[in-house]
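To keep things clear, I will list the structure first and then write my remarks on it.
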Amino acid sequence: MTLALVHTRARTGVRAPAVNVEVFLAGGLPRMSIVGLPEAAVREAKDRVRAAIQCAQYDFPARVITVNLAPADLPKDGGRFDLPIALGILAASGQIPLDALRDCEFLGELGLTGELRPVDGVLPAALAAAAQGRRLIVPAGNGAEAALVAGVEAFTARTLLEVCGHLCGQKALPAAIAPASAYDHGPDLRDVRGQTRARRALEIAAAGSHHLLLVGPPGCGKTLLASRLPGVLPEASEADALETAAIASISGRGLDPTRWRNRPFRSPHHTASAVALVGGGAEPRPGEISLAHNGVLFLDELPEWDRRALEVLREPLESGVVTISRAARQCEFPARFQLVAAMNPCPCGWAGDPSGRCRCHPDAIQRYRAKISGPLLERIDLHLEVPRLPPAELRPDAPPGESSDVVRARVVRAREVQRQRAGRCNAHLDQSETNAVCRLAPDDQAMLENAIDLLQLSARSMHRILRVARTIADLAGSADILGPHVAEAIGHRRGERAVASRAT
């Protein structure tokens, strides 16, 4: 046999497209070539594969070896193709049975000694292999990740020799085993003393998946509140958790299989660039907004961020996806996250505080707040001023607030109502759905229109007020949006006008 076919997977965004490794042996002076749009790491595989085969005590054919990675127009990168290339050479030269390769897919980088080293992007490959009904053989270091997919039959190996022994029927490989994992809700909301209005806004944000802006002086609890939001969110479904884990798998940062069910909480530093936020690179990788998919993205010190970096958030906040376009390829990453932003009211942080300690000039305050554009502020549903608390409310023996478990129970009930009504959270409703499920009585509609005129808000802001009011009604167990619900939703937009008036 001079021709062999081995199944494997490439990595393109969060997808794992199928790749067929075709190996052909011909007569002539010994040489090896790899075709099919391989990048440098793939072209170098021929040296790793030759050493690995010889160290495994197999013969490396002294013939013309042509390796084709099909489809030819799909870029191939990384060391993930080492193992399938080595198996293809061994099968084409008759050293392992060809039939044993038919129903399997292989991933893994080879060391010179034949050791199998982990690769990234195994979880998307496992999902794709399960959909095709094929078994998957991966390095031992990727076994726990592959086993997260319930429908895949995955096996792990430490060396090339073990894989060959399995294919020859000499010794079966161990099945991949998923580690025990427990959902960790994170810090408890009970730790937050006082701040009743802020806790209420946090519950509304969690119930409707709304974005939230916290404005207040230093040390008032903005970061503390933001870090408690994941703890009041419902547990992610298996499909959502796998989607989030797949993004982490391809990110290059690694995936912890014991924490794959946890909702992500990303808090990048304000010096992060636009590429760090949305993703990019010659080989596109997900950014912070995609790593926060189905979780929370916390941006502290919002005016200190580069304005160009903040502006790239506008489209993902609306669409829930981000598309990275390069000359050679285009990748789309999911980015359905909840944004929680925090900022001080002025450069010194004390504008509006009863102590009167702020000495910032009005022009300095205007320049500070003008760093945030009006269109970005419009896309944030809840704007909340967080005041400085008196010391008496911060005493250790002060009465604690509700725990995350209690608040989460109300959030889960509200989200179930939304799921049955529209199939998704209120914050993700489009305009037609908003008009259908957010109808107001005539008096309430007049109150909303008067508030829009008074605060000089846009149509986008009006629709977001309606969705927030719908969430407040869901939390109250009301089938209709009533006047108090609309009034509370309007109250959470007053801060937008206060900031935007200084940003123009």
Side-chain angles (χ1 to χ4, degrees), residues 1-10 18-70 72 76-119 125 134-143 154-174:
M1 175 62 69
T2 59
L3 179 64
L5 173 65
V6 187
H7 301 289
T8 185
R9 296 275 167 181
V19 172
N20 292 327
V21 179
E22 302 169 340
V23 179
F24 180 73
L25 304 186
L29 292 175
R31 62 182 176 86
M32 178 178 176
S33 61
I34 301 177
V35 298
L37 208 59
E39 297 189 0
V42 182
R43 292 194 299 269
E44 294 168 354
K46 55 187 177 181
D47 298 316
R48 295 191 297 271
V49 166
R50 178 185 291 108
I53 288 177
Q54 293 174 344
C55 285
Q57 303 301 311
Y58 285 97
D59 294 328
F60 189 83
R63 305 177 67 180
V64 176
I65 304 173
T66 303
V67 179
N68 179 40
L69 306 177
K76 323 296 191 307
D77 63 325
R80 61 198 305 112
F81 303 105
D82 290 3
L83 177 59
I85 290 174
L87 295 176
I89 293 173
L90 293 175
S93 59
Q95 299 181 70
I96 61 174
L98 185 60
D99 292 342
L101 304 175
R102 185 171 294 114
D103 297 325
C104 289
E105 295 186 4
F106 304 88
L107 290 172
E109 178 182 336
L110 287 172
L112 299 183
T113 62
E115 172 194 8
L116 276 178
R117 295 172 178 165
V119 296
R134 294 197 185 107
R135 292 174 293 168
L136 181 65
I137 295 179
V138 297
N142 292 127
F155 300 91
T156 64
R158 295 173 300 171
T159 63
L160 173 63
L161 189 59
E162 288 185 359
V163 178
C164 294
H166 174 79
L167 296 175
C168 294
Q170 298 171 357
K171 184 179 179 181
L173 291 174

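Taking the side chain as every heavy atom from C-beta outward, L90 and I53 approach each other to under 4.5 Å. By the 4.5 Å heavy-atom criterion applied to side chains, R135 and L173 are not counted as neighbours. Between N20 and H7 there is a side-chain heavy-atom pair separated by less than 4.5 Å. Annotation: side chain of V163 is not in contact with side chain of F155 (no heavy-atom distance under 4.5 Å). Side-chain contact between L116 and L160: absent, with no pair of heavy atoms (C-beta onward) separated by less than 4.5 Å. At least one side-chain heavy atom of V23 sits less than 4.5 Å from a side-chain heavy atom of I65. Looking at heavy atoms from C-beta onward, L37 lies out of side-chain contact with L69 at the 4.5 angstrom threshold.
With R43 contributing its side chain and I34 its backbone, the two residues share no donor-acceptor pair below 3.5 Å. One N or O on the side chain of Q95 and one on the backbone of D59 form a donor-acceptor pair closer than 3.5 Å. A donor-acceptor pair under 3.5 Å links the side-chain atoms of K76 to the main chain of G36, judged by distance alone.
Shown here for P97 and C168, the closest heavy-atom pair between the two residues is CD-SG, 3.7 Å. What you find for V49 and D82 is that their closest heavy atoms are CG2-O, 3.7 Å. The two residues A172 and H166 have their closest heavy-atom pair at CA-ND1, 3.5 Å. Between P61 and S93, the shortest heavy-atom contact is CG-CB, 3.7 Å. Here the closest non-hydrogen pair linking F106 and L87 is CD2-CD1, 3.4 Å. Contact record, N142 with P118: OD1-CA, 3.1 Å, taken as the closest heavy-atom pair.
A distance of 9.5 Å separates CD of E109 from CD of E115, quoted to the nearest 0.5 Å. Atom CZ of R134 is separated from atom CZ of R9 by 6.5 Å, given to the nearest 0.5 angstrom. Note: R50 CZ to L110 CG = 13.5 Å, rounded to the nearest 0.5 Å. Note: L112 CG to Q54 CD = 10.5 Å, rounded to the nearest 0.5 Å. Going from atom CG of L83 over to atom OG1 of T8 covers 8.0 Å, rounded to the nearest 0.5 Å. Between atom CG of residue L167 and atom CG of residue L101 there is a gap of 5.5 Å, rounded to the nearest 0.5 Å.
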